[in-house]
Amino acid sequence: MPAEADFPVAAPGSDYDTVRRILAYITHNWREQPTIEAIADAAGATPTDVHHLFRRWCGLTPKAFLQAITLDNAKGLLASSASILDTSYEVGLSGPGRLHDLFVTHEAMSPGEWKTGGEGLRLSYGFHESPFGEALIVVTDRGLAGLGWVSTSVDGGKVVGGRAEALADMMRRWPHADYRFDPASTRAYAGRIFDPNAWASETPLRVVLIGTDFEVRVWETLLRIPVGCATTYGEVASHIGKPTAARAVGAAVGKNPISFVVPCHRVIGKSGALTGYHWGLTRKRAILGWEAGQTAGEAA
């Protein structure tokens, strides 16, 4: 198992370093709908700086971003997306081309490959900057197999630490695979995933799902949730023909190894609450708010 010292020095800070601190403040105070002055004071910046930061990072004003991650907005997403999983079939999102806005094509590895813990499977990995902090990307010769995050105590989540901890968390999923540090082979995936200008049907993103049959069915369902929509664990359970298995669906969602691309962040509680996220609620709010900025830009 590599130690933190085995990796190159992490890239210098980005907008997200400041955004995550602001989000941590918002996470604990969103019910009071804090003013931009209060948010700026908590971030140690001026209101003007905060305003420009959010416009640059996600295309929204701080006020619009705050509205996008509130409970009321989440309830609205659920109300307008109640049948989104069924509707996705009707509009063709379940076909081999466009599964969702990232234009993903996917395949599942055989149950045998999962049961062996990835034995004989070669996985290349690298760390890359993203709008949501440093991302860990894992690929096979068949496509993207993993996307996680290096999480700080501000992000929260189940794994807090550095690159070594993020990698160890991913390696636990397929403990017998052959892992190679090869950022050159993962860099193109980072560019494709995090640049909306690269989301095109002509260059679909290849994804490989490695899990149990049940987990793969859940993850395939998540791929049908478009940007700007949300669903519940119960809706996913009903969609896969297991209406009483919401808790099991929740466990499978929590084990999703391909964050962001397989959008487990778009599954929320039936009340509209942004429930737990493996990489922390601060990051979940960041992703949902950033996506709100993308859809707002498309609607403009």
Side-chain angles (χ1 to χ4, degrees), residues 1-11 104 106-130 132-153 155-190 192-194 205-216 218-220 222-223 250-265 276-280 282-284 287:
M1 174 63 221
E4 192 73 20
D6 295 328
F7 298 116
V9 176
V104 170
H106 78 281
E107 64 173 293
M109 285 197 168
S110 70
E113 289 173 301
W114 174 80
K115 288 179 181 178
T116 62
E119 186 174 356
L121 177 66
R122 177 171 178 171
L123 295 173
S124 299
Y125 68 92
F127 295 91
H128 304 277
E129 283 303 302
S130 82
F132 319 108
E134 193 170 38
L136 165 62
I137 294 179
V138 181
V139 303
T140 74
D141 58 359
R142 292 151 68 176
L144 177 71
L147 198 169
W149 312 96
V150 177
S151 291
T152 71
S153 58
D155 296 303
K158 294 187 176 180
V159 179
V160 172
R163 288 177 168 185
E165 286 78 11
L167 178 60
D169 176 56
M170 192 66 74
M171 291 175 70
R172 278 192 287 270
R173 302 167 189 272
W174 315 295
H176 303 304
D178 177 19
Y179 291 85
R180 309 284 180 90
F181 181 61
D182 185 9
S185 67
T186 55
R187 185 170 295 110
Y189 282 87
R192 170 69 176 79
I193 291 166
F194 299 117
L205 179 66
R206 295 170 55 207
V207 170
V208 181
L209 304 177
I210 310 173
T212 67
D213 288 342
F214 181 81
E215 288 169 348
V216 168
V218 170
W219 301 338
E220 287 176 331
L222 301 185
L223 282 170
V253 169
K255 292 180 181 177
N256 169 33
I258 311 179
S259 176
F260 187 70
V261 172
V262 178
C264 51
H265 58 277
Y277 185 58
H278 188 81
W279 290 278
T282 295
R283 184 169 276 115
K284 183 170 185 173
I287 295 173

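Computed over heavy atoms, backbone and side chain alike; hydrogens, waters and symmetry mates excluded. Here the structure is a predicted model, which is why all the values come from computation and not from measurement.
Closest non-hydrogen pair, Ser124 versus Thr186, comes out as O-CG2, 3.8 Å. When all heavy atoms of Val160 and Ser153 are compared, the closest pair comes out as CG1-N, 3.5 Å. Residues Val261 and Val207 share a closest heavy-atom pair of CG1-CG2, 3.9 Å. The minimum heavy-atom distance between Leu147 and Ala135, with the atom names listed, is CD2-CB, 4.2 Å. Considering all non-hydrogen atoms of both residues, Ala108 and Val216 come closest at CB-CG1, 3.8 Å. The nearest pair of heavy atoms linking Arg172 to Pro175 is O-CD, 3.6 Å.
One N or O on the side chain of Arg283 and one on the backbone of Phe132 form a donor-acceptor pair closer than 3.5 Å. Of the possible donor and acceptor atoms, one in the side chain of Asp155 sits under 3.5 Å from a partner among the backbone N and O of Thr152. A distance-only check finds no donor-acceptor pair linking the side chain of Arg163 to the backbone of Val150 [under 3.5 Å]. Listed for the Trp219 side chain is a donor-acceptor partner under 3.5 Å among the backbone atoms of Ala252.
Using a 4.5 Å heavy-atom cutoff, the side chains of Met170 and Leu123 are not in contact. Side-chain atoms of Val139 and Ser185, non-hydrogen and from C-beta on, do get closer than 4.5 Å to each other.
One distance of note links CD of Glu107 with OG1 of Thr140; it measures 7.0 Å at 0.5 Å rounding. The structure places OH of Tyr189 at 7.0 Å from CG of Leu144, a figure rounded to the nearest 0.5 Å. Interatomic distance, Leu136 CG to His128 NE2, rounded to the nearest 0.5 Å: 8.5 Å. In this structure, SG in Cys264 is found 6.0 Å from CH2 in Trp279, a value given to the nearest 0.5 Å. Leu209 CG to Leu223 CG: the interatomic distance, rounded to the nearest 0.5 Å, is 6.5 Å. Distance check: His278 NE2 to Lys158 NZ gives 6.5 Å after rounding to the nearest 0.5 Å.
Taking the salt bridge (charged side-chain N to carboxylate O under 4.0 Å, His left out) definition, one finds that Lys255 meets it with Glu215, sequence neighbours left out. Annotation: salt bridge (charged side-chain N to carboxylate O under 4.0 Å, His left out) contacts of Glu220 (sequence neighbours excluded): none.
Tyr125 and Phe181 have tilted rings, their planes meeting at an angle from 30° to 60° on a 0 to 90° scale. Classified by interplanar angle (parallel below 30°, tilted 30° to 60°, perpendicular above 60°), the ring pair Phe194/Trp149 is tilted.
Residues His176 and Thr116 bring no donor and acceptor atom of their side chains to less than 3.5 Å of each other.
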